[in-house]
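Have a look at the structure below, then the notes.
Counting begins at 1 with the first residue of the sequence.
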Amino acid sequence: MPLALLALAIGAFGIGTTEFVIMGLLPEVAGDYGVSIPIAGYLVTGYALGVMFGAPLMTVLGTKVSRKRMLMLLMGLFIVGNLLSALAPAFSVMLIGRIVASLAHGAFFGIGAVVAADLVAPDKKAGAIAMMFTGLTVANVVGVPLGTLVGQSVGWRVTFGIVAALGVVGLAGIARLVPDMPKAEGVRLRHELAAFKNVQVLLAMAMTVLGFGGVFAAITYIAPMMTHVAGFADGSVTWLLVLFGLGMVGGNLIGGRFADRALMPMLYVSLGALAVVLALFTVTAHDKLLSAITIALIGALGFATVPPLQKRVLDQAHGAPTLASAVNIGAFNLGNALSAWLGGLVIAAGLGYTAPNWVGAALAAGALLLALVSAALERRAAEPSTVVTGGAPAEQRAAVHH
């Protein structure tokens with residue numbers, strides 16, 4: 001595997017860290033700016049909305065320049081956003097910094113995956129893409145917990161400063177190690193947009209929004225939930241996020257393994273189990289051991305849905321998957337934004353720090369319902385192809401015709 005993949009993985013590590021580390025630092029950020037926890041949750045919502053809109057926008061803009069240059073521009077945007085967050089004198093400025101950083105997220109993974117695949121032989125493309133995405137996975141096991149620990153010990157501004165420095169390393173690595181590659185072919189927007197007329201594509205994206213939103217409803221407010229309800233010390237949030245990250249790694253591997261074998265059954269099981277576990281979290285959050293186990297399960301079940309959902313979108317948008325794939329990355333983050341906002345609403349309404357778990361359970365159950373509807377529509381659409389008017393099978397009619 002070429003060293004250029006290491007540069008891409010470092011960039012992915014930085015992006016994954018900045019996306020998730022804010023959840024463990026919400027109380028510190030809220031305290032410094034004098035805002036409530038639900039208001040601080042807008043930092044999660046704003047980032048997620050930035051990814052949602054930035055993924056397709058930057059993907060289209062990326063067709064105007066070479067892929068290497070676009071990756072460098074995206075990392076530059078990432079660095080500026082995190083520096084702005086680290087130095088922000090007011091909450092509104094930090095929110096802007098989060099949004100600026102988020103614009104690099106979706107396009108970096110979309111374009112980076114194409115570059116990674118082009119760097120190796122055809123029989124190693126999947127391994128190259130997986131190596132780049134390893135940066136995102138490792139971020140949730142190492143980067144996020146360490147960033148949370150640093151933020152709680154030294155100050156959250158230091159965490160975002162370190163993340164910006166990671167962006168500089170990634171940018172330097174891309175500039176030095178990634179070879180110049182031809183400019184991407186122009187995206188035919190009319191052709192790409194036609195994929196969104198397919199009901200199954202829209203259903204798959206809606207499943208993405210609700211399913212992954214279920215995870216973020218609970219995880220966004222994990223720090224106040226664990227410290228105020230379960231009774232953990234502030235420093236314990238770090239290793240609880242490690243558990244969540246380990247669950248993500250395991251769930252992602254399981255989801256990837258079964259997505260090709262039995263995609264829809266995999267979605268039924270993972271979404272159904274996720275809804276149940278999130279509902280139970282309202283009870284288990286009051287016990288340290290049970291809450292720790294539940295957090296790992298939420299990570300595993302939540303990320304077990306990611307490979308099958310992404311594959312479902314690509315399968316249904318065959319022929320024009322580029323924009324649909326980028327928009328689905330945005331759909332994951334729309335789910336994050338929606339659930340963070342709803343979770344903040346129920347906390348602000350005085351329902352307690354465990355109330356977002358009920359929101360998550362409802363969202364996951366909604367995703368399961370959409371999966372069942374999608375499968376039913378697919379079966380109904382397939383039925384006419386097996387029934388031919390006139391009582392004769394299609395093969396017999398074809399034989400008569402010949």
Side-chain angles (χ1 to χ4, degrees), residues 1-23 47-48 50-51 54-55 58-59 62 67-82 98 100-120 124-147 159-160 162-179 181 212 241 244-246 248-249 251-253 255-256 299 303 306-307 310 325-326 328-330 332-333 336:
M1 291 290 179
L3 280 175
L5 292 175
L6 178 60
L8 295 175
I10 291 171
F13 179 86
I15 290 174
T17 300
T18 204
E19 178 183 17
F20 292 103
V21 76
I22 188 64
M23 293 159 203
Y47 186 95
V51 176
M58 292 296 174
T59 299
R67 290 181 178 132
K68 176 177 179 175
R69 180 172 296 181
M70 189 60 191
L71 286 172
M72 293 173 65
L73 289 172
L74 290 170
M75 287 312 299
L77 202 61
F78 172 80
I79 294 165
V80 170
N82 280 285
R98 292 284 292 168
V100 169
S102 72
L103 295 176
H105 185 123
F108 183 87
F109 284 110
I111 297 171
V114 175
V115 170
D118 286 347
L119 288 171
V120 297
K124 294 183 178 180
K125 289 184 183 294
I129 295 172
M131 183 172 287
M132 186 198 75
F133 274 90
T134 297
L136 179 63
T137 305
V138 174
N140 287 280
V141 180
V142 179
V144 172
L146 284 179
T159 296
F160 285 99
I162 293 173
V163 172
L166 281 172
V168 173
V169 175
L171 174 58
I174 292 170
R176 178 69 179 85
L177 300 174
V178 174
M181 309 187 81
F212 209 64
L241 288 173
F244 177 68
L246 290 172
M248 287 170 54
V249 174
N252 191 50
L253 291 174
F303 274 75
V306 174
Q310 190 69 15
S325 178
N328 199 50
I329 293 174
F332 280 109
N333 286 272
N336 300 353

Nearest 0.5 Å, please: how far is CD1 in Ile15 from CZ in Phe108?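 The distance works out to 5.0 Å.
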Smallest separation among heavy atoms of [X] and [Y], with atom names:
X	Y	value
Glu19	Met23	O-CE, 4.0 Å
Lys68	Ile174	CE-O, 3.4 Å
Ala4	Pro179	CB-CD, 4.5 Å
Gly112	Leu8	O-CD1, 3.9 Å
Ala139	Phe13	CB-O, 3.4 Å
Ala55	Gly106	CB-CA, 3.9 Å

Partners passing side chain to side chain contact (heavy atoms under 4.5 Å, CB included) against [X] (at least two apart in sequence or in another chain):
X	value
Leu171	Met72, Met75, Ile79
Met58	Leu61, Met70, Leu74, Leu77, Leu103, Ala107
Ala48	Asn333, Asn336, Ala337

Check whether any side-chain heavy atom of Arg98 lies under 4.5 Å from a side-chain heavy atom of Thr18, and answer yes or no.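 Counting from C-beta outward, Arg98 and Thr18 do come under 4.5 Å.
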Name all residues meeting the ring-ring contact (aromatic ring centres under 6.0 Å, His included) criterion together with Phe160; count only those two or more places apart in sequence or in a different chain, and write none if there are none.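 None.
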Could you work out, with ring-ring contact (aromatic ring centres under 6.0 Å, His included) as the rule, every residue matching Phe20, not counting sequence neighbours? Phe216
Audit row: Phe303, Val249, side chain to side chain contact (heavy atoms under 4.5 Å, CB included) steps and yes/no: CA-CA 8 Å; Phe303 274 75; Val249 174; over 6 Å; no
Going by side-chain hydrogen bond (donor to acceptor under 3.5 Å, both in side chains), name the residues that satisfy it together with Thr17, two or more places apart in sequence or in a different chain. none
